[in-house]
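Order of listing sets the numbers, starting from 1, for every ligand and every atom in it. Values below: every heavy atom of this structure, side chains too, minus hydrogens, waters and symmetry copies.
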Amino acid sequence: MIGVIGGSGLYGLEGVKVLERIRVRTPFGEPSSEIVLAQVEGGEVFFLSRHGEGHAYPPHRVPYKANLWAFRELGVKRVLALFAVGAVNRRFNPGDFVVVDDLIDFTKGREDTFYEGRASIPLEGQDKVAELLKRGKVVHIDTAQLYCPQMRKHLVQALEELGLSYHPSGVYACTQGPRFETPAEIRWIERAGGDVVGMTGYPEVVLARELTMCYAGLCVVTNPAAGIAGRRLTSEEVINLVKQKERDIGEVLRRFVASLPQERTCGCEQILEGAEV
Ligand code: HPA
């Protein structure tokens, strides 16, 4: 099952049939929105809005753990995360899609693991995740390939077939927000190797990976990052750009769901093997 997480400007899915609206409670609190079961291309996906209805959760207060745990309880094995991002790389333009393949974390103090050692919540379940939590283990996951190669391949294929402007790879730099970055911070991120900048890519991806899920990030470039265009940045331009891209995002999703094989051939599922101390 695929779980889709919508970012800024995406609080629902365009042109899909809603089958069910589900409220989930988790040991980590309530997810940021109800979860919608929707029919897409003969398949079904769950959809969750990262910032919730009315954009209630700023990036640093998104209940990332509750969101991922809710997906786990619903049987989600693959997460497709959608993001609005600023372009740091000068080759990236507003309206472009980016299928990110690596990350730099510049956030501060966000809770970014389920495995708290002795302080872990011993949760029910029969799988490796539940076993490690019950045993109060410390876990270090590998992050050499955070984003699922199988999902990325099918996203790139969908973007290519639709003739959309896209970049098949890119490094996502995640800042703490909620303010936009300063021009000096963007120059620093550029030198560090960041291609796009956003505020919500972390810790979502590592939490999904800790639960052995596949995860892919599809970014829409909404603006040149701070200092690049030499003008003031507004939330309004970010949201407007995403709204303009809503139909394209829906098309990509339909093609992606239709082409992705059921079987996971990527190895993401095995991430916990050898990860405990
Ligand atoms: N910076 C951080 N987050 C963002 C941006 C940006 O320029 N654009 C959209 N989300």
Side-chain angles (χ1 to χ4, degrees), residues 4-11 32-33 48-52 54-64 67 79-110 112 146-147 159 164-167 169-206 215-246 248-249 252:
V4 179
I5 302 181
S8 291
L10 273 179
Y11 309 101
S32 27
S33 76
L48 183 152
S49 162
R50 185 183 292 118
H51 295 286
H55 208 106
Y57 296 91
H60 60 294
R61 289 191 178 273
V62 170
Y64 296 100
N67 289 351
V79 177
L80 173 60
L82 306 171
F83 299 98
V85 293
V88 177
N89 188 321
R90 312 291 164 130
R91 292 188 302 107
F92 293 11
N93 297 304
D96 290 357
F97 286 93
V98 187
V99 184
V100 285
D101 68 337
D102 209 343
L103 171 122
I104 308 176
D105 167 32
F106 294 108
T107 64
K108 298 166 201 164
R110 297 187 186 180
D112 57 359
L146 271 180
Y147 300 95
L159 290 159
L164 296 168
S165 175
Y166 74 95
H167 306 275
S169 61
V171 175
Y172 183 115
C174 189
T175 56
Q176 174 71 359
R179 64 172 176 82
F180 286 118
E181 300 71 34
T182 66
E185 284 169 341
I186 293 301
R187 289 195 296 275
W188 173 52
I189 288 169
E190 191 176 11
R191 281 195 297 272
D195 293 303
V196 294
V197 62
M199 303 174 192
T200 51
Y202 192 86
E204 196 172 87
V205 59
V206 290
Y215 185 101
L218 177 64
C219 303
V220 182
V221 176
T222 54
N223 56 281
I228 293 180
R231 56 177 167 76
R232 202 162 69 89
L233 253 178
T234 63
S235 301
E236 199 179 358
E237 73 179 281
V238 171
I239 304 289
N240 284 344
L241 204 298
V242 175
K243 290 277 169 234
Q244 280 174 37
K245 287 279 155 183
E246 219 169 340
D248 286 346
I249 294 167
V252 174

Practice task
Please determine, by modelled atom types, if Asp102 and Tyr147 share a side-chain donor-acceptor pair under 3.5 angstrom.
Solution key: no

Practice task
Tell me which part of Phe83 gets within contact of ligand 1: side chain, backbone, both or neither, using heavy atoms under 4.0 Å.
Solution key: neither

Practice task
Indicate, as side chain, backbone, both or neither, the part of Val85 found under 4.0 angstrom from ligand 1 when only non-hydrogen atoms are considered.
Solution key: backbone

Practice task
Find all atoms of ligand 1 within a distance of less than 4.0 Å from any non-hydrogen atom belonging to Ala84, and give their numbers and elements.
Solution key: 9 (C), 10 (N)

Handout entry: Nearest non-hydrogen protein atom, atom 4 (C) of ligand 1
Key = Val197 O, 3.7 Å

Handout entry: Closest protein heavy atom (residue, atom, distance) for atom 7 (O) of ligand 1
Key = Asn223 ND2, 3.0 Å

Handout entry: Arg187 bridged to Glu181 by N-O distance under 4.0 Å
Key = no

Fill in the blank from the handout: Between the CG atom in Asp195 and the CD1 atom in Ile189, the distance rounded to the nearest 0.5 Å is 11.0 Å

Handout entry: Protein residue, atom and distance nearest to atom 3 (N) of ligand 1, heavy-atom basis
Key = Gly198 CA, 3.5 Å

Practice task
Would you mind telling me if ligand 1 is within reach of the side chain of Thr222, the backbone, both or neither, using heavy atoms under 4.0 Å?
Solution key: side chain

Exercise for the section: State, with a plain yes or no, whether a side-chain heavy atom of Phe97 is found less than 4.5 Å away from one of Val220. Expected result: yes

Problem - Lys/Arg N to Asp/Glu carboxylate O, Arg179 vs Glu185, below 4.0 Å - result: yes

Handout entry: Nearest-neighbour protein heavy atom for atom 2 (C) of ligand 1, which is reported as residue plus atom name and distance
Key = Glu181 OE2, 3.2 Å

Problem - Pairwise side-chain contact, Asn89 with Val196, heavy-atom cut-off 4.5 Å (strictly under) - result: no

Exercise for the section: List every atom of ligand 1 that sits less than 4.0 Å from any heavy atom of Gly86, numbering the atoms from 1 in the order shown and giving each element. Expected result: 5 (C), 6 (C), 7 (O), 8 (N), 9 (C)

Exercise for the section: Could you tell me if the ring centre of Tyr172 sits under 6.0 Å from that of Tyr202? Expected result: no

